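Everything below concerns the one structure shown next.
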Number of protein chains: 2
Amino acid sequence: MMDLNQRKQLILQAIVEDYIRSNTPVGSRTISKKSGLGVSSATIRNEMADLEEMGYLIQPHVSAGRVPSDRAYRLYVDRLLKKGMRDEERESARSYFTSRVHDMEDVLSLCAQTLGELTRYTALVMTPRQSDLKVSALHLIPIGEATAMLIIVTDTGMVRETTLRVSDRLNADSLFAISRMLTDKLRDLSLRQVQDMLYGYAAHGGADARVLSGIAELAGQIESQTDKDRITVGGAHNILHYPEYADVARARAFMDTLERRESLLNLMRPQESVAVRIGYETGMKELHDCSVVTAPYRMGRGHIGTIGVIGPTRMDYARVMETLELVARELSAILSL
Amino acid sequence: MMDLNQRKQLILQAIVEDYIRSNTPVGSRTISKKSGLGVSSATIRNEMADLEEMGYLIQPHVSAGRVPSDRAYRLYVDRLLKKGMRDEERESARSYFTSRVHDMEDVLSLCAQTLGELTRYTALVMTPRQSDLKVSALHLIPIGEATAMLIIVTDTGMVRETTLRVSDRLNADSLFAISRMLTDKLRDLSLRQVQDMLYGYAAHGGADARVLSGIAELAGQIESQTDKDRITVGGAHNILHYPEYADVARARAFMDTLERRESLLNLMRPQESVAVRIGYETGMKELHDCSVVTAPYRMGRGHIGTIGVIGPTRMDYARVMETLELVARELSAILSL
DNA sequence: GTTAGCACTCACCACGGACGAGTGCTAACA
DNA sequence: TGTTAGCACTCGTCCGTGGTGAGTGCTAAC
């Protein structure tokens, strides 16, 4: 007795699922009727008392039903939940991604939004750290009198541009030539290498010094892009639909947490596959009543990013995990085209 | 009597300003003390009764103070408010924009965020309609075995890219040549023209048909980019700080309205200068208790976009209007570099 | 035209009792 | 030994009630 036998597991599962649905403490009578075990509420009460002692359940107050603990959710996620997205759902999720502009940046922010809509929770999209990005092409395009647009393409397919002033004796032809030369020279170098090299050249002076240091600067900016910029949030407003955020102060606190992107980065460290962090497992006190589910995606040659969903601990883990898997797969496919 | 004399205006101004600050109905005693008119509360009461009759004030219930009507805010905005941003504020606002990546897309979403932070309300940024954009350059960059990245730069400095498969006998050199040729041919044509032309060429077949129709497709996608994509929202969570949204249902309704971007477009139609729409003036029933302040900015050659702020009708109009003016100016400067 | 005084209104809040969901415990039963 | 009916008990939620105070409109005096 007091081991987590089959029946206890079934009861726990029933409680977790009922609580996920209703967000109200679950009573013994409810489980007696719904679990399909065919035992009375008194028996359930005994089992529930055991489960509480084992740390799976919490009683908000003596005359309330039970609420699952983090530990219960953990067990539920690891062993009890049954996936089973319906095909229509899967198909509609997939269709969100096809037939859209395959623009690298767009895809990521679109992904955050989409993921929010699909899961009805808040979505996070992290792009891989960019310091070890390699330059794959570099172009100067004339856009006006003595101004040019500089475009750097990295091996992840990311495109960054800036405008810069150039010597007015550089016409379209010379810019073409320079672009070509620079691309040949710089291809497959890391941004840092590009930066160092070009600052070196620029220091020697010459007519193109301005262009060279402009390029070096953009490379530097891409590289040192703050961590904050690496996380996109989508569907933050979704949490307003959940009663745990009926109190505006809580909603505000949640939103404020989302603003502090640096700390979110810890949650989004690449994992091997779909990962679930429940309540205190997130390691963030502000998120002790939230769970975070993440999945890795591939971008370009071997760079790993993370997409994730954050919501109340009583989230619909099965649906979220499946959606994330699916979206991560679609996303990887698009990005490594 | 019953004309809007000097004193009535001063009283009205005092009421509006007190209400903007406190969000509670304003009583006669408060105004008697704060207006500096040196008259008793009874006198104020008489004036307030007149102002109510004239439609400037509303009494939520008999024993409450008065609340300004849309009409009062209108008068306040048109004639009563005194601007006067402090220099530090102005400087700090400006510094938000300098020393950042001048990446076209980035600037706009950064602008939305920044504007949200500066005003503490919700910010909207609209990019000009893109159907009459002209192509200013077009590049094909090899990124892998038989795949290339296509980049289109428009005359507003906007950059869009996509990856496409190309015939594997096109090496870097041929792509360069094609890019150059296409840029020469297509420069200053509208996206629609480009699209029509290329589909025509592609129909004739040939080895490059795939590339040509790829380009046409991207041009089409840029052009037909849904209206939804043209508005960026920033700082939506700010409204949670205002007591009018203490009720989550209201906050949710507000957020939902923000999601329906098409209808927001009406609010963001380019105006000549800073424009204020108060309450029902927005023309959107859902926003009857909100005001929208907008300002135009210039982008590239003659394209006009709009930035705006949306918040409760009792918003701090003076501060918002000044901030918008300032940000619009900075933004125009960056974008028409 | 202004003001003091006064009766009146009504939103807000704190208090308190009824209600009911759910429990733990006990004793009887299979 | 596990299951169940019965029962006393707990405590959060709901709702009606009365007190409090901010603010009003009106009247009469200045």
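Letters go in sequence order (proteins before strands), and every chain restarts at 1. Predicted, not measured: the structure shown is a model, and the values here were computed from it.
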Run the salt-bridge test on A/Glu52 and A/Arg66 with the 4.0 Å N-O cut-off and return the result as yes or no. yes

Any luck finding a side-chain donor-acceptor pair between A/Glu17 and A/Gln13 under 3.5 Å? yes

In numerical order, the residues of residues 241-250 of chain A whose heavy atoms come under 4.0 Å of DNA chain D are none

Give the rounded distance in Å between these two atoms: CD1 of B/Ile44 and P of D/dG23. 14 Å

Between D/dG2 atom P and A/Glu47 atom CD, what is the distance in whole Å? 10 Å

Roughly how many Å is it from CD in B/Gln59 to C1' in C/dC8, rounded to a whole number? 13 Å

Respond yes when some side-chain nitrogen or oxygen of A/Ser28 is under 4.0 Å from OP1 or OP2 of C/dT23, and no when none is. yes

Taking atom types as modelled, find out whether B/Thr24 and B/Tyr19 have a side-chain donor-acceptor pair closer than 3.5 angstrom. no

Hey, does B/Ser41 reach any base, or is it just sugar-phosphate, or nothing, if we go heavy atoms under 4.0 Å? nothing

Please tell me if the side chains of A/Gln9 and A/Asn5 come closer than 4.5 Å, counting only heavy atoms from C-beta onward. no

For the pair made of CZ in B/Arg29 and P in C/dA4, what is the distance, rounded to whole Å? 12 Å

Separation of atom CG in A/Asn5 from atom C1' in D/dG2, rounded to whole Å: 12 Å

For B/Ser41 and B/Arg29, which I'm curious about, is there any donor-acceptor pair between the side chains at under 3.5 Å? no

Symbol by symbol from the 5' end, with Watson-Crick or G-U pairs under 3.5 Å, [ ] crossing and | another strand, DNA chain D is ||||||||||||||||||||||||||||||

Drop me the distance from B/Tyr317's OH to B/Asp78's CG, to the nearest 0.5 angstrom. 11.0 Å

D/dT27 phosphate, OP1 or OP2, under 4.0 Å from B/Arg45 side-chain N/O: no

Between B/Pro60 and B/Arg7, which is nearer to the 5' end of DNA chain C once each is assigned its nearest nucleotide? B/Arg7

To the side chain of B/Val39, which of D/dT4, C/dT3, C/dG24 is closest? C/dT3

Take atom CD of A/Glu52 and atom P of C/dG24, then tell me their distance rounded to the nearest Å. 7 Å

Just how far, in rounded Å, is C1' of C/dT23 from CD1 of A/Ile31? 15 Å

What I want to check is whether an N or O donor and acceptor connect the side chain of B/Ser63 with the base of C/dT9 at under 3.5 Å. yes

Would you please test B/Cys290 and B/Thr313 for side chain to side chain contact (heavy atoms under 4.5 Å, CB included) and show each step? CA-CA 5 Å; B/Cys290 290; B/Thr313 43; 5.6 Å; no

Where the side chain of A/Arg66 is concerned, which of C/dT3, C/dG24, D/dT4 is the nearest nucleotide? C/dG24

Parallel, tilted or perpendicular: which one describes the rings of A/Tyr242 and A/Tyr121, with boundaries at 30° and 60°? parallel

Report the nucleotide, chosen from D/dT3, C/dA4, D/dT24, that has the shortest atom-to-atom distance to any side-chain atom of B/Ser40. C/dA4

Options D/dG12, C/dT2, C/dT3, nucleotide nearest the side-chain atoms of A/His61: D/dG12

State whether A/Lys8 and A/Glu47 are salt-bridged, where the test is any N-O pair (Lys NZ or Arg NE/NH1/NH2 against Asp/Glu carboxylate O) under 4.0 Å. yes

A/Tyr76 and its side-chain contact (heavy atoms from CB on, under 4.5 Å) partner, picked from A/Ile20, A/Leu12, A/Ile278: A/Ile20

Whole angstroms only, please: what is the CG-P distance between A/Asp50 and D/dT1? 15 Å

Among the nucleotides C/dT3, C/dT2, D/dC11, whichever has the atom closest to the side chain of A/Val62 is D/dC11

